[in-house]
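To start, the structure itself, in structure tokens.
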Amino acid sequence: MQRIEQRACFGGTQEVWVHRSAVLDCDMRFAVYLPPQAKARRLPVLYWLSGLTCTEQNFITKAGAQRYAAEHGVILVAPDTSPRGDDVADADGYDLGKGAGFYLNATQSPWSSHYRMYDYVVDELPALIEANFPANEARAVSGHSMGGHGALIVALKNPGRYRSVSAFSPIVAPMRVPWGEKAFSAYLGADREAWKAWDASELVATAGERLPLLIDQGEADEFLDSQLKPEWLREACERTGHPLRLQLRPGYDHSYYFMASFIGEHIAHHAAALRG
């Protein structure tokens with residue numbers, strides 16, 4: 001690993017590192033915020049998964065999360081959203097390929113050679129963080145949009161691995177909206193039955209743990225009716241008895257202004273669970 005950024009921030013340090021990922025077969029960047037408490041003891045980790053077109057930079061520069069992580073003593077880890085490099089497959093448009101990994105394991109060529117973001121986020125990255133930073137094994141996960149989808153599915157598919165999960169403006173039913181249909185068709189092929197393993201609205205029915213889902217959704221979100229459809233997840237949770245706290249926020253859109261407004265509440269939610 002090589003550290004390529006280090007900046008003082010709220011008594012701690014905001015860093016960016018690059019490493020060779022064995023899972024993705026490429027060099028990957030991730031951001032890590034170490035709050036001041038990390039100088040004295042090992043701390044829990046909140047993993048943040050960003051959305052379409054993002055890198056590790058969007059969250060650390062726009063969300064204002066470091067202030068709250070320093071207050072609660074939580075390490076923040078924000079990976080890139082997809083594999084990168086000249087050898088990595090890509091596509092025209094912003095919603096497939098680089099910057100659009102969808103936090104799944106691709107099964108179709110040419111994507112399957114590199115696009116295994118699920119394995120990276122669930123296994124490889126936490127192992128690296130816990131071996132090289134003052135992190136303990138208490139984990140939480142959150143994210144935005146495509147990353148909100150990622151946070152929900154990794155929590156639902158891994159009972160006991162995360163203490164808490166939350167999302168801003170998540171894609172809750174990707175197999176039924178244009179963003180997800182495009183990505184799943186390319187990454188997973190034509191068998192829609194196989195898509196259910198990567199769709200939060202399907203996974204709540206078979207989840208091995210009733211980990212409460214916390215979701216914030218802006219009512220002025222330009223993608224609310226076409227891509228996000230939070231009511232579909234609410235209906236699935238009501239059918240299965242899965243706990244869901246869906247907070248609809250009047251006037252807020254899909255931007256980081258929305259996340260910056262409520263990220264403190266989310267980090268406090270995770271900190272309480274991580275202390276348990």
Side-chain angles (χ1 to χ4, degrees), residues 1-51 53-63 65-66 69-70 73-90 97-106 111-144 146-147 150-151 154 158 161-163 267 270 274:
M1 292 197 309
Q2 180 184 1
R3 186 172 58 202
I4 57 176
E5 279 189 45
Q6 184 181 38
R7 304 180 191 279
C9 187
F10 290 101
T13 58
Q14 178 63 65
E15 303 177 355
V16 177
W17 292 73
V18 62
H19 75 111
R20 185 71 183 180
S21 167
V23 167
L24 303 177
D25 192 25
C26 67
D27 289 342
M28 286 293 287
R29 293 186 179 191
F30 64 87
V32 56
Y33 175 68
L34 299 172
Q37 300 90 330
K39 299 170 185 175
R41 65 183 191 274
R42 302 183 78 83
L43 299 174
V45 181
L46 172 59
Y47 291 88
W48 174 269
L49 308 182
S50 291
T53 76
C54 292
T55 69
E56 80 288 342
Q57 289 291 322
N58 297 72
F59 179 67
I60 64 175
T61 59
K62 295 180 178 180
Q66 295 93 339
V74 174
I75 295 171
L76 301 177
V77 173
D80 200 348
T81 54
S82 69
R84 305 279 179 174
D86 293 340
D87 297 331
V88 174
D90 201 6
K98 296 176 185 177
F102 267 84
Y103 303 101
L104 51 72
N105 289 337
W111 312 102
S112 55
S113 297
H114 297 280
Y115 284 76
R116 303 186 64 83
M117 286 298 295
Y118 174 82
D119 283 351
Y120 179 72
V121 166
V122 172
D123 295 318
E124 186 178 25
L125 182 60
L128 183 151
I129 295 297
E130 289 162 19
N132 293 280
F133 296 91
N136 60 37
E137 294 182 355
R139 310 175 194 96
V141 63
S142 186
H144 169 238
M146 177 188 73
V154 301
N158 292 277
R161 188 159 183 80
Y162 301 96
R163 301 275 185 90
I267 292 179
H270 292 294
L274 290 165

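Only this structure's heavy atoms are used, side chains among them; waters, hydrogens and symmetry mates stay out.
- Taken to the nearest 0.5 Å, the OG atom of Ser142 stands 12.0 Å off from the OH atom of Tyr162.
- Thr81 has its side chain out of reach of Asn58: every pair of non-hydrogen atoms, C-beta onward, lies at least 4.5 Å apart.
- Among residues at least two apart or in separate chains, salt bridge (Lys or Arg N to Asp or Glu O under 4.0 Å) pairs with a member in residues 74-90 are Asp80-Arg84.
- Residues Pro36 and Gly11 approach most closely at CB-O, 3.4 Å, considering heavy atoms.
- The shortest heavy-atom contact between Pro79 and Leu49 is CG-CD2, 3.9 Å.
- Without hydrogens or angle criteria, Thr13 side chain to Glu15 main chain gives no donor-acceptor distance under 3.5 Å.
- Screening Val141, Leu274, Leu46 for a side-chain contact (heavy atoms from CB on, under 4.5 Å) with Arg163, the sole residue that qualifies is Leu274.
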**Residues Arg20, Asp25; criterion side chain to side chain contact (heavy atoms under 4.5 Å, CB included); working and verdict** = CA-CA 7 Å; Arg20 185 71 183 180; Asp25 192 25; 3.2 Å; yes
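- Residue pairs meeting the side chain to side chain donor-acceptor pair (under 3.5 Å) criterion with at least one member in residues 34-48, sequence neighbours excluded: Trp48-Ser50.
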**Message:** Walk me through whether Arg7 and Gln66 qualify under side chain to side chain contact (heavy atoms under 4.5 Å, CB included).
**Reply:** CA-CA 12 Å; Arg7 304 180 191 279; Gln66 295 93 339; over 6 Å; no
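- Atom NE2 of His270 and atom CG of Leu76 lie 10.0 Å apart (nearest 0.5 Å).
- By the side chain to side chain donor-acceptor pair (under 3.5 Å) test, Asn105 pairs with Asp119, sequence neighbours left out.
- Closest heavy-atom contact between Ala69 and Pro35: O-CB, 3.8 Å.
- Panel note: side chain Arg29, backbone Glu56; no donor-acceptor pair is recorded below 3.5 Å.
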**Asked** Do Val122 and Asn158 pass the side chain to side chain contact (heavy atoms under 4.5 Å, CB included) test, and can you show the C-alpha distance, the side-chain angles, and the key distance before you say yes or no?
**Response** CA-CA 9 Å; Val122 172; Asn158 292 277; 3.8 Å; yes
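- When all heavy atoms are compared, the tightest approach of Ala38 to Leu43 is N-CD1, 3.5 Å.
- Here the closest heavy-atom approach between residue Ser82 and residue Gly101 is recorded as CB-N, 3.7 Å.
- Atom CD of residue Gln2 and atom CG of residue Asp27 lie 9.5 Å apart, to the nearest 0.5 angstrom.
- A distance below 6.0 Å separates the ring centres of Trp17 and Phe133.
- Counting only distance, with no hydrogens or angles, the side chain of Glu124 and the backbone of Ala22 share a donor-acceptor pair below 3.5 Å.
- Residues Thr53 and Met146 form no side-chain contact, since every pair of their non-hydrogen atoms from C-beta on lies 4.5 Å or further apart.
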**Full working for side chain to side chain contact (heavy atoms under 4.5 Å, CB included) between Leu125 and Met28** = CA-CA 10 Å; Leu125 182 60; Met28 286 293 287; over 6 Å; no
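- Rounding to the nearest 0.5 Å places CH2 of Trp111 at 11.0 Å from NE2 of His114.
- Counting all heavy atoms, side chain and backbone alike, Gly12 lies closest to Tyr33 at N-OH, 3.7 Å.
- Counting heavy atoms from C-beta outward, Pro126 and Arg161 have side chains that approach closer than 4.5 Å.
- Checked against the 6.0 Å centroid criterion, the rings of Phe30 and His19 qualify as a close aromatic pair.
- Formation of a donor-acceptor pair under 3.5 Å by the Lys98 side chain with backbone atoms of Gly85 is found in this model.
- In this structure, the separation between CZ on Arg139 and CD1 on Ile75 is 12.5 Å, given to the nearest 0.5 Å.
- Between the Tyr118 side chain and the Phe102 main chain, no donor and acceptor come within less than 3.5 Å of each other.
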